[in-house]
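Because only heavy atoms are used, hydrogens play no part in the values below, and waters and symmetry mates are left out as well, while side chains stay in. In the text below, chain A, chain B and the rest are named by the order of the sequence lines, each starting its count at 1.
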Protein chains: 2
Amino acid sequence: MPAPVLKCCFCCKQIVNLNPVLKTAGFKFGKLYVHTYICVVKLEEAIKSVNFRNQTHKAGLNILYTAWWLKTTMSRELKNFGLTHEQYNVLRILKGKNPEEMCVKDIAGRMIEKSSNVPRIIDRLVLKKLVKRSTDLEDKRHTLMSLTPAGVNILELSTAKINKLFDELIPMDDASASKLNTLLEKVREKEP
Amino acid sequence: MPAPVLKCCFCCKQIVNLNPVLKTAGFKFGKLYVHTYICVVKLEEAIKSVNFRNQTHKAGLNILYTAWWLKTTMSRELKNFGLTHEQYNVLRILKGKNPEEMCVKDIAGRMIEKSSNVPRIIDRLVLKKLVKRSTDLEDKRHTLMSLTPAGVNILELSTAKINKLFDELIPMDDASASKLNTLLEKVREKEP
DNA sequence: AACAAATACATGTACATACATGTAATATAA
DNA sequence: TTATATTACATGTATGTACATGTATTTGTT
């Protein structure tokens with residue numbers, strides 16, 4: 001019998017056994033030993049810390065942790081489509097104008113992470129034939145991108161999955177979500 | 001006169017002029033032309049999108065964007081100390097047990113981003129002589145880390161700055177921050 | 001028209017993430 | 001005790017972030 005695979009089936013793969021970060025319980029799945037995990041909901045358990053200076057300080061860490069959690073959850077789903085989170089974002093942005101073409105700057109301005117290196121993300125999408133790239137003849141500095149039919153197709157399939165995931169995963173009514181949005185915008189109220 | 005540096009002084013460096021993502025206004029600073037920026041507070045402006053399926057969907061994107069904004073803001077401050085965000089995190093975690101030593105797994109379990117590659121972050125801190133590394137003689141699989149005096153010093157200085165930044169930046173009372181924490185934990189309530 | 005300035009983006013580097021795999025050390029079981 | 005399982009971590013690869021710089025193209029000025 002091969003050595004059992006002792007790996008957390010989703011996150012925290014480096015922390016495999018009996019680590020208090022996780023409430024773990026293993027089970028066998030065919031020839032695999034799969035780690036079930038329950039990622040912890042309370043921030044204090046998640047990062048093993050209770051020493052926050054105040055609730056605002058805790059909120060900062062909570063935002064960072066929740067973003068990581070969300071990104072990881074989505075990435076796991078996107079992996080089934082051979083897409084990374086950022087590649088999916090670019091496809092989604094292109095879809096917004098489809099079948100119109102968009103230049104790098106337009107795409108960059110719509111990215112969530114503003115320091116993304118859009119040309120290189122496009123490189124990978126072009127390799128997978130999900131995006132096609134051409135030069136603008138009106139202004140040759142512009143590189144114009146648009147979705148291929150394969151790109152449209154994979155985006156539709158993956159978006160359906162992601163939306164389903166979101167709806168099932170986050171048990172939140174519109175009023176609470178609205179409140180959350182207001183509070184997050186309050187965090188960003190003062191600009192540095 | 002040299003070509004003016006047309007660069008956003010903080011974020012969105014790729015989007016320099018008249019981009020609606022930013023409400024820009026330039027000014028001269030010595031020989032530099034510096035871009036002042038006002039990063040947009042409303043998510044709709046920040047990512048130029050209004051088509052959210054519902055408030056929960058918007059909240060997901062809002063969390064991701066706010067986390068990016070927060071990380072970028074902190075990183076800018078940490079750059080003055082020659083530290084990255086992740087290197088700072090590791091120092092902070094080591095400080096929690098100082099002068100006790102910690103192994104890789106202990107540190108990893110306390111990281112906000114659970115998939116961080118702790119040994120390599122440590123590599124860089126050791127190079128800067130902020131952390132020292134040794135092998136546990138009781139269990140030679142363990143690598144033990146602790147802060148050097150220089151590490152303690154730089155952590156104190158940078159933490160003072162980061163705390164000050166936090167307090168001045170985020171205009172939020174304890175009650176609102178508490179509400180925010182509750183809502184973020186509600187987002188993570190169901191585990192995938 | 002000719003030159004300078006500005007723009008758009010490609011590309012290079014250091015660091016980080018996400019994940020797979022290799023290796024030495026320890027724990028457990030036959 | 002010896003073989004096997006398990007752990008801890010180092011290391012390799014692909015991708016992404018953050019930022020600096022190079023280059024072709026366009027715009028603005030004289």
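Atom CD1 of B:Ile121 is separated from atom P of D:dC9 by 14 Å (rounded to the nearest Å). At whole-Å resolution of the value, CG in B:Leu78 and C1' in C:dC15 are 14 Å apart. Per the geometry, NE2 belonging to B:His142 stands 11 Å off P belonging to D:dA10, to the nearest Å. Summarising the geometry, the separation between CD1 on B:Ile107 and C1' on D:dA8 is reported as 13 Å, rounded to the nearest angstrom. When the P atom of D:dT6 is taken as reference, atom CZ of B:Arg141 falls 13 Å away, rounded to whole Å. Rounded to whole angstrom, the span from the NZ atom of B:Lys105 across to the C1' atom of C:dT26 amounts to 13 Å. Going from atom CE of B:Met102 over to atom P of D:dA8 covers 14 Å, rounded to whole Å. Atom-to-atom, CZ of A:Arg133 to P of C:dC9 comes out at 11 Å; the value is rounded to the nearest Å.
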Would you tabulate the nitrogen or oxygen pairs shorter than 3.5 Å linking the protein to nucleotides 12-14 of chain D?
residue: D:dG12; atom: N7; partner: B:Arg120; partner atom: NH1; Å: 3.1
residue: D:dG12; atom: O6; partner: B:Arg120; partner atom: NH2; Å: 2.7
residue: D:dT13; atom: O4; partner: B:Arg120; partner atom: NH2; Å: 3.2

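Both A:Asp123 and B:Glu113 sit near DNA chain C, but only A:Asp123 has its closest nucleotide nearer the 5' end. Projected onto DNA chain D by closest heavy-atom contact, B:Cys103 and A:Asp139 fall at different nucleotides, the more 5' of which corresponds to B:Cys103.
Taking only side-chain nitrogens and oxygens, A:Lys140 never comes nearer than 4.0 Å to OP1 or OP2 of D:dA24. Neither OP1 nor OP2 of D:dG16 sits under 4.0 Å from any side-chain N or O of A:Ser116. Contact annotation: A:Thr84 side-chain N/O to D:dG16 OP1/OP2 distance is under 4.0 Å. Here B:Thr143 does not reach the OP1 or OP2 of D:dA8: none of its side-chain N or O atoms lies under 4.0 Å away.
Cluster membership for A:Val126 and A:Val90, using ILVMFWY side-chain heavy atoms within less than 4.5 angstrom, is shared. In terms of hydrophobic clustering, with Ile, Leu, Val, Met, Phe, Trp and Tyr side chains grouped at heavy-atom distances under 4.5 Å, A:Met111 and B:Phe52 are assigned to a common cluster.
For A:Ser158 (side chain) and A:Leu155 (main-chain N/O), a donor-acceptor pair under 3.5 Å exists by modelled atom type.
A salt bridge is absent between A:Glu156 and A:Lys161: the closest approach of a Lys/Arg side-chain nitrogen to an acidic carboxylate oxygen does not fall below 4.0 angstrom. Taking the charged nitrogens against the carboxylate oxygens, A:Asp136 and A:Arg141 have no contact shorter than 4.0 Å, which rules out a salt bridge. With respect to the salt-bridge test (charged N to carboxylate O, under 4.0 angstrom), the residues B:Asp167 and A:Arg53 qualify.
Nucleic acid contact class of A:Lys79 (heavy atoms, under 4.0 Å, all strands): sugar-phosphate only.
Just one of B:Arg124, B:Arg92, B:Lys128 meets the side-chain hydrogen bond (donor to acceptor under 3.5 Å, both in side chains) condition when paired with B:Gln87; it is B:Lys128.
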